[in-house]
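The next block holds one structure in the form of structure tokens; read it before the comments.
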Amino acid sequence: MTLEPRELPKAYIPAEFEAGIYERWLAADVFAPDGAGSTANPNAEPFVIIQPPPNITGALHLGHALTSTLEDTMVRRARMQGRPTLWLPGLDHASIAAQYVLDRILAAEGESRESLGRERYLERMWQFITETREVMLRQQRRIGASLDWSRLRFTMDEGSARAVREAFTRLHREGLAYRTEALVNWCPGCRTSVSDLEVIPTPETGTLWTIRYHLVDEATGEPDPDATIAVATTRPETILGDTGVAVRPDDERYRGLVGRTVRIPFVERDVPIIADDVVDRSFGTGAVKVTPAHDQTDYETGKRHGLPMITVLADDASINEAGDGYVGLDRYDARTRILADLEARGDLVEARPHEMLIGRCQRSNDVIEPRLKTQWFIRTEPLAAKALEATRDGRTRIVPSRFEKVWEHWMTNIRDWNVSRQLWWGHRIPAWYCPDGHVTVSAESVGPAACETCGRPASELTQDPDIFDTWFSSGLWPFSTLGWPDDTEDLRRYYPGSVMETGYDIIFFWVARMMMLGSHFMGEEPFHKVYLHGLVKDPYGQRMSKTKGNVVDPLEAISTAGADALRFALVNGTSPGSDQKFRTEKLEDGRNFANKLWNASRFVLGARPATIAAAAERQAPDPAAMGVAERWIASRAAAAVEAVDRAFEDDNYGEATRVLYEAIWSEFCDWGLEVAKTRLSDGGLSDRERRATWWTLVDALDTFLRLLHPVMPFVTEALWGALPHRSDDPSLLITARWPAAGPREAATEAAVAVIIELIRGVRNARAEGGIAASAWLRVDVLVPSELVETFESLRPAIERLARARPLLRHVDREAILATAAGGLAVVSGGIEAIVAAADAGVTEGERQRLERELGDAERQLVAARSRLADSAFMERAPARIVEGARTREAELTERVERLQESLAR
RNA sequence: GGGCGGUUAGCUCAGCUGGUUAGAGCGCCUCGCUUACACCGAGGAAGUCGGGGGUUCGAGUCCCUCACCGCCCACCA
């Protein structure tokens with residue numbers, strides 16, 4: 001598909017033009033670092049970007065679109081810079097999230113986990129993800145993600161499975177994986193333990209009950225009806241598991257009671273009163289009941305004091321056999337009953353509302369119950385130490401750097417990682433137990449041949465029914481996808497990665513795990529840079545969520561405005577790590593920008609001088625035939641290259657789009673093309689000059705298309721295809737070379753800036769003077785000698801853009817004042833102009849404008865003079881600044897004089 | 001209870017290591033179908049840079065402090 005100028009419609013229609021482009025990239029095989037169409041220098045340092053594999057079950061939301069856009073932008077620029085680029089696509093099996101989704105589907109069908117059983121449930125899961133999988137992959141293609149599809153990986157495929165088994169086996173051998181009974185976060189809805197990160201502290205108004213425990217009479221061994229100790233609790237049902245009461249050692253109120261015994265009601269258990277510093281004497285009664293099996297703090301306290309740990313909750317959060325009299329009751333029903341029973345005994349002292357944080361399951365929103373379970377844990381301290389070393393040494397840099405503090409804090413206070421999940425969808429823990437309780441961990445897919453302790457045959461061993469936390473396999477991603485544990489070519493070439501890009505919300509879930517496991521197993525950190533993007537919020541700053549109904553579907557955005565528009569919208573006006581509010585207006589900005597570029601290109605293509613063949617090979621503009629306008633366009637394009645490069649180096653993509661928007665729209669289109677129009681239609685110019693003008697435009701446009709391609713790949717690819725190419729250009733922009741900044745011409749840029757200001761001034765004057773913008777007016781000018789050449793060179797453009805005809809240049813001020821009395825005065829950088837007004841004389845609007853300008857100038861002049869008069873400033877400010885102040889003062893003096901002259905007429 | 005971020009034009013955001021007159025887009029107002037574009041062009045209005053101190057010749061930019069908003073971490077039952 002080659003677009004000829006006459007084929008280009010007036011408006012860019014994304015739906016029409018984006019279609020087919022992705023397929024062309026695919027057909028050209030340019031996504032893979034070693035693809036057939038790659039133009040990379042094989043010796044250049046590879047650019048490897050690591051993306052979080054999206055969950056296989058969910059439709060992609062704007063956050064995914066943002067991730068894909070940023071990563072694609074980075075990859076495309078690196079590719080154009082000639083580096084072999086690896087961006088490996090993948091999907092995560094997301095065990096708990098996937099099961100949650102499937103369970104709900106099953107529930108609607110009247111089925112459940114239990115009714116299907118493990119095997120059929122998993123079959124059903126595979127069937128389900130086969131359907132969602134294609135949808136997910138298609139969405140990434142729609143947004144233009146140039147992923148190396150030949151390497152698509154899934155965290156449940158055999159490569160990952162093998163890496164998981166191997167990693168766990170090694171950790172076990174090294175003593176970094178251990179099995180123990182410990183307090184875990186239990187979700188009664190999901191029927192599994194979850195990590196600390198998956199427990200969401202949720203504010204809630206609960207009740208704080210004060211209850212009385214009776215002291216046991218040391219003589220009789222029976223509870224004393226009158227001697228009591230009051231404790232406060234928000235969870236009365238845990239009374240059934242109480243094995244102690246704690247007070248502060250220095251609390252004189254209870255000093256005499258420490259060492260005494262109280263009788264726990266209902267279960268009729270005698271437990272000690274202990275002293276411990278954890279107790280806050282100002283909270284509640286200053287005495288706290290201790291339930292070691294159902295509370296994190298109490299667990300620690302219980303361990304310190306050797307208290308028994310009595311589990312009273314079953315997996316479904318009902319009361320178990322230990323809860324005498326309440327067995328089988330749901331935890332909240334039990335709470336109600338217990339409160340009633342306490343009241344009946346007269347031991348319920350007080351109940352009052354209490355603001356508290358309650359831990360809820362990130363997935364199901366159920367209230368989490370801490371409880372004891374025997375599970376597998378990863379010792380994180382030595383792993384975290386290696387990860388920290390990488391960030392502290394700067395081998396891995398976090399962008400933006402403020403997240404380094406958060407990282408440090410979390411990594412230095414990290415707790416051991418519970419990796420067991422009582423779920424089915426995921427990697428089964430490769431641990432086998434023999435009837436004698438020996439543990440055998442094996443990396444073999446078929447499991448161990450025998451118990452490695454006692455030699456019992458495999459047939460007598462049973463595998464752990466649990467699976468791994470999803471993030472265990474995700475944590476291996478940077479190397480498991482490259483062939484680990486084998487020592488592969490890929491691993492040597494593409495590990496460690498260059499950049500890991502993701503949202504700051506999964507820094508601990510995922511980034512931390514990759515850093516720990518990568519550093520440990522590979523002996524080297526998995527990536528050199530962590531780029532964290534912010535969250536995409538709705539226009540009111542609210543988090544987007546399906547339940548709130550404020551989500552924007554990326555596919556819908558693409559079909560209305562185009563993938564380029566969506567990408568632009570997501571990148572423009574953002575900065576690393578900062579959240580953004582997404583509004584449809586941003587989408588329109590992107591669409592309009594694509595359209596602007598489209599039409600500018602249409603103009604350039606259509607303005608080709610007849611002496612250049614349609615299929616002409618690209619030529620550099622003839623330097624000898626270039627005028628001021630051409631040199632200005634080239635210099636500004638070079639400035640754009642510099643600025644865009646700087647923005648990319650700074651990881652500031654929002655800045656890159658801002659620069660390009662400004663350079664393309666406000667400079668190239670508004671001035672470059674407008675000035676070029678007069679050149680191209682000027683019969684007085686030589687063909688050689690017109691050709692130079694056109695080739696200059698082509699050069700600039702080509703540069704802009706290349707610079708913009710990483711962010712807006714579709715429209716730039718479509719347009720670039722219609723542009724003349726050099727013989728050594730590839731056929732597709734995606735593999736074309738990233739532009740090198742050409743030479744800048746500071747003097748030309750400065751001179752043209754004055755001319756632009758002059759034209760603006762004339763337009764402004766006539767608008768304020770109430771003269772139609774379309775009317776041609778005589779303009780008399782006085783031009784300082786150093787600007788005469790530029791002025792004359794741009795005369796036709798000035799005439800056209802300022803609607804100035806005749807445009808008379810005078811050599812002395814007397815002449816201009818004499819001939820142009822009564823016109824509108826304009827002052828720009830040393831150029832003085834008088835615009836002949838239809839009804840001569842200084843009109844009221846004109847006077848107001850001049851007075852305003854004079855007022856501004858005078859105010860600034862006063863400021864400049866006082867600065868120069870300030871000895872402190874003159875002594876201490878650097879010479880450069882003082883010099884600037886002098887120049888400024890001189891300019892302002894001249895400007896004030898001229899404005900006064902104009903007003904005096 | 002710690003920590004981080006934000007507070008700049010009506011809205012969304014830029015303002016790098018302090019340096020002359022604080023910018024952009026959208027929106028708003030006034031013109032305009034000028035042979036790329038009305039998804040457009042020309043012009044314009046609009047900001048005591050959250051408050052208060054301080055450092056400095058000079059502060060939106062650095063320091064202190066307060067306020068409000070948001071987020072993260074944390075064993076007040």
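Each chain gets a letter, A, B and so on, in the order its sequence line appears, and its residues count up from 1.
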[X] near the nucleic acid: base, sugar-phosphate alone, or nothing, with a heavy-atom cut-off under 4.0 Å?
X: E408(A); result: nothing
X: T233(A); result: sugar-phosphate
X: Y661(A); result: sugar-phosphate
X: P878(A); result: base
X: R760(A); result: sugar-phosphate
X: K10(A); result: sugar-phosphate
X: L183(A); result: nothing
X: K677(A); result: base
X: G573(A); result: sugar-phosphate
X: H354(A); result: sugar-phosphate
X: W776(A); result: nothing
X: T238(A); result: nothing

Say you pick atom [atom1] in [N] and the same atom in [M]; how far apart are they, in whole Å?
N: U34(B); M: G43(B); atom1: C1'; answer: 16 Å
N: A59(B); M: G18(B); atom1: P; answer: 13 Å
N: C33(B); M: G23(B); atom1: C1'; answer: 32 Å
N: A45(B); M: G51(B); atom1: C1'; answer: 28 Å
N: A42(B); M: C37(B); atom1: P; answer: 14 Å
N: G15(B); M: G50(B); atom1: P; answer: 15 Å
N: A14(B); M: C31(B); atom1: C1'; answer: 30 Å
N: A24(B); M: C71(B); atom1: C1'; answer: 27 Å

Go through the N and O atoms of the side chain of Q296(A) and the base of A77(B), and report whether any donor-acceptor pair is under 3.5 Å.
no
Rounded to whole Å, how long is the line connecting atom [atom1] of [X] with atom [atom2] of [N]?
X: L777(A); N: U34(B); atom1: CG; atom2: P; answer: 18 Å
X: F508(A); N: G3(B); atom1: CZ; atom2: C1'; answer: 11 Å
X: I507(A); N: G3(B); atom1: CD1; atom2: C1'; answer: 14 Å
X: F509(A); N: C72(B); atom1: CZ; atom2: P; answer: 11 Å
X: D589(A); N: U12(B); atom1: CG; atom2: C1'; answer: 10 Å
X: N652(A); N: C13(B); atom1: CG; atom2: C1'; answer: 12 Å
X: R248(A); N: A77(B); atom1: CZ; atom2: P; answer: 17 Å
X: I414(A); N: C73(B); atom1: CD1; atom2: P; answer: 13 Å

Is there a side-chain contact between V511(A) and F403(A) in this structure, where contact means two heavy atoms from C-beta onward sitting under 4.5 Å apart?
no
For residues I239(A) and I211(A), determine if any side-chain heavy atom of one lies less than 4.5 Å from a side-chain heavy atom of the other.
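I239(A) reaches I211(A) side chain to side chain.
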Does [X] have a side-chain nitrogen or oxygen under 4.0 Å from the phosphate oxygens OP1 or OP2 of [N]?
X: H409(A); N: A74(B); value: no
X: W665(A); N: A36(B); value: no
X: N592(A); N: C40(B); value: yes
X: S575(A); N: A14(B); value: yes
X: K586(A); N: C13(B); value: no
X: N764(A); N: G44(B); value: yes

Nearest to the side chain of [X], which nucleotide is it out of [options]?
X: D670(A); options: A42(B), A77(B), C39(B); value: A42(B)
X: R763(A); options: A77(B), A42(B), A14(B); value: A42(B)
X: F603(A); options: A77(B), C73(B), A36(B); value: A36(B)
X: R602(A); options: C39(B), A36(B), C75(B); value: A36(B)
X: A767(A); options: G43(B), A36(B), G5(B); value: G43(B)
X: R867(A); options: U20(B), C72(B), C37(B); value: U20(B)
X: K581(A); options: U21(B), C13(B), A77(B); value: C13(B)
X: V406(A); options: C39(B), C72(B), C26(B); value: C72(B)
X: Q860(A); options: U21(B), A77(B), C73(B); value: U21(B)
X: A600(A); options: A36(B), G19(B), A14(B); value: A36(B)

In terms of side-chain geometry, is the basic nitrogen of [X] or [Y] positioned less than 4.0 Å from the acidic oxygen of its partner?
X: D276(A); Y: R248(A); result: no
X: R235(A); Y: E369(A); result: yes
X: E350(A); Y: R352(A); result: yes
X: R805(A); Y: E799(A); result: yes

Any side-chain donor paired with an acceptor under 3.5 Å for [X] and [Y]?
X: D589(A); Y: N572(A); answer: no
X: Q580(A); Y: T574(A); answer: no
X: N592(A); Y: Y12(A); answer: no
X: E300(A); Y: T297(A); answer: no

Watson-Crick or G-U stems involving RNA chain B, each at least 3 pairs long, distances under 3.5 Å, ordered by first number:
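Stem segments, range with range: B:1-7 with B:67-73, B:10-13 with B:23-26, B:28-32 with B:40-44, B:50-54 with B:62-66.
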Expected output: side-chain T234(A) to main-chain T207(A) donor-acceptor under 3.5 Å:
no
Backbone N or O of D298(A) within a donor-acceptor pair of the D295(A) side chain at under 3.5 Å?
yes
So which one's nearest nucleotide on RNA chain B is more toward 5', T574(A) or A287(A)?
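In this pair, the answer is T574(A).
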